[in-house]
Enquirer: 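Below are the structure tokens for one structure; questions will follow.
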Amino acid sequence: AFLAMGIFFFLLHGYNENEGRIGIFTLLLLGGKYLLAASGIYIFSFLLMRGREARFLFGFILLASYFLYGSVKDSLNASPFFHLFSRYRYLLPALLLLWGGCGIFLYRYKRSLKGAFWYVRTLLLVIAVTELGILFYHEFFDKEERYVTDLYSGKERIRQENDPIHLPDIYWIVLDMYPSSGSLQKYWGFSNGIDSALEGRGFFVSREARSNYNYTPFSLCSLLEMQYLRGLAEFSEVTPIEQFKAIHELRDNAFIRILSENGYRIDNYSLFDFTHFPTKGYPFFGKLEEDLIDHQTLDSRLQSDVAWTM
């Protein structure tokens, strides 16, 4: 039961850390996965250890290693002194030595382990209750600020009473990570033939296009909300939390709402889902919500960093 409380703490901590953007279905899906992992750990500890306290403590060590692996690896990687030890050639053998050493110690230890047993149980209870308190505080007293102000809600929302039959067609094409024609000509001497092909079919082409931001979710969120984003910190590396926040706000953007309310049929072939208009293409960021929590676990890191090389 207390190993299950460890799972509860990990999920709740991930939910709080990501400002409540993790959906209930994702939490249930990850909870089921972690329960299976914890069950396997419990069976392994039951077969290997003697005594309830030794089994619990060894299971706790295995489960904590499973959940905290990504966080420890990232901390080592960010450290100027311990960066070398974040490599798998050192970290995985160290983890196996930790498991083996703790297993041998707990198996051979003859004295009572009740003190450590009750300490760990109390620790799990305290941190789980603390996360519940953090959740309560954020839900009722500390609503986080959006990147954008909803300028087009209620009476301020732009609307024209147009006959949908006579609305002009809009085809919006964004070539992601593709320089503007002006940049291609200036820096590489390349004449972009796609421009004339599109202009010959009546499209407007922005030959000196510039992006508000150097990252796709931020740039599109700003563009479709028709305003600059607020609250962005100065950072050199985009974190998954900030990336997901932009994608979350992009889902229900002002421009798509305006088109929908004016009778447009919207065919979405982008990388992102919009409210009521999911993408008909590949949702490139579809697993981001799940990865915000699961990417800290041992198996997820091995799958993303190692398995693809095999």
Side-chain angles (χ1 to χ4, degrees), residues 2-14 17-18 29-113 115-121 123-124 127-128 236-241 287-288 290-310:
F2 274 83
L3 290 181
M5 185 172 291
I7 297 173
F8 174 75
F9 159 74
F10 183 72
L11 289 173
L12 189 57
H13 176 73
E17 186 180 39
N18 292 288
L29 184 67
L30 292 176
K33 172 188 172 181
Y34 299 151
L35 281 174
L36 287 176
S39 298
I41 289 173
Y42 175 79
I43 293 172
F44 181 70
S45 301
F46 183 85
L47 295 175
L48 191 65
M49 294 292 144
R50 297 176 295 184
R52 183 180 67 155
E53 291 84 4
R55 291 166 182 165
F56 171 80
L57 291 172
F58 188 60
F60 170 76
I61 292 170
L62 293 179
L63 192 64
S65 302
Y66 174 77
F67 282 144
L68 300 178
Y69 179 83
S71 179
V72 171
K73 188 178 188 304
D74 291 342
S75 297
L76 290 174
N77 189 51
S79 170
F81 304 105
F82 302 103
H83 173 78
L84 179 67
F85 297 102
S86 67
R87 297 178 180 178
Y88 280 93
R89 68 178 67 178
Y90 302 115
L91 195 55
L92 288 181
L95 189 60
L96 292 175
L97 286 174
L98 172 67
W99 291 345
C102 291
I104 293 171
F105 174 80
L106 292 172
Y107 184 82
R108 292 186 174 183
Y109 194 73
K110 303 301 182 182
R111 297 181 182 180
S112 174
L113 292 168
F117 173 74
W118 283 107
Y119 172 80
V120 172
R121 286 167 66 105
L123 176 65
L124 286 173
I127 60 177
S236 59
E237 182 178 354
V238 176
T239 66
I241 297 175
K287 285 193 63 181
L288 181 60
E290 179 181 331
D291 288 342
L292 287 174
I293 294 179
D294 195 49
H295 193 57
Q296 299 301 323
T297 60
L298 175 60
D299 68 314
S300 179
R301 286 301 179 96
L302 291 177
Q303 184 177 356
S304 63
D305 297 342
V306 179
W308 66 273
T309 64
M310 299 180 181

Enquirer: Which residues satisfy the side-chain contact (heavy atoms from CB on, under 4.5 Å) test with R121, sequence neighbours excluded?
Expert: F2, F56, F117, W118
Enquirer: Does NZ or CZ of R50 lie under 6.0 Å from the centre of the six-membered ring of Y107, at an angle within 45° of the ring axis?
Expert: yes
Enquirer: Please tabulate, for side-chain N and O atoms in residues 65-72, each donor-acceptor pair with protein atoms closer than 3.5 Å (sequence neighbours left out).
Expert:
residue: S65; atom: OG; partner: I61; partner atom: O; Å: 2.8
residue: S65; atom: OG; partner: W99; partner atom: NE1; Å: 3.2
residue: Y66; atom: OH; partner: D299; partner atom: OD1; Å: 2.9

Enquirer: State which residues pass side-chain contact (heavy atoms from CB on, under 4.5 Å) with L48; sequence neighbours excluded, sorted by chain then number.
Expert: F44, F58
Enquirer: Who are the side-chain contact (heavy atoms from CB on, under 4.5 Å) partners of I41, not counting sequence neighbours?
Expert: S45, L62, L63
Enquirer: Identify, with sequence neighbours excluded, every residue that meets side-chain hydrogen bond (donor to acceptor under 3.5 Å, both in side chains) alongside Y88.
Expert: D305
Enquirer: Check the pair N77, H83 against side chain to side chain contact (heavy atoms under 4.5 Å, CB included), reporting the backbone distance first and the verdict last.
Expert: CA-CA 4 Å; N77 189 51; H83 173 78; 2.8 Å; yes
Enquirer: Hey, what do you get for CG (L11) to CD1 (I7), rounding to the nearest 0.5 Å?
Expert: 7.5 Å
Enquirer: Kindly compute the distance separating CD (Q296) from CD (E17), expressed to the nearest 0.5 Å.
Expert: 7.0 Å
Enquirer: Would you please name every residue forming a salt bridge (charged side-chain N to carboxylate O under 4.0 Å, His left out) with R301, sequence neighbours left out?
Expert: D74
Enquirer: Between L84 and Y90, is the side chain to side chain contact (heavy atoms under 4.5 Å, CB included) condition met? List the steps.
Expert: CA-CA 8 Å; L84 179 67; Y90 302 115; 3.8 Å; yes
Enquirer: Are any non-hydrogen side-chain atoms of Y34 and I293 less than 4.5 angstrom apart?
Expert: yes
Enquirer: Decide side chain to side chain contact (heavy atoms under 4.5 Å, CB included) for F8 and L124; before the verdict, give the C-alpha distance in whole Å, the side-chain angles of both, and the deciding distance to 0.1 Å.
Expert: CA-CA 10 Å; F8 174 75; L124 286 173; over 6 Å; no
Enquirer: To the nearest 0.5 Å, tell me how far L92 CG sits from L97 CG.
Expert: 11.0 Å
Enquirer: As an exercise, state the distance from CZ of R52 to CG of L113, rounded to the nearest 0.5 Å.
Expert: 11.5 Å
Enquirer: Does S39 reach the main-chain N or O of L35 with its side chain, forming a donor-acceptor pair under 3.5 Å?
Expert: yes
Enquirer: Just how far is it from atom CZ of R55 to atom CG of L47, taken to the nearest 0.5 Å?
Expert: 8.5 Å
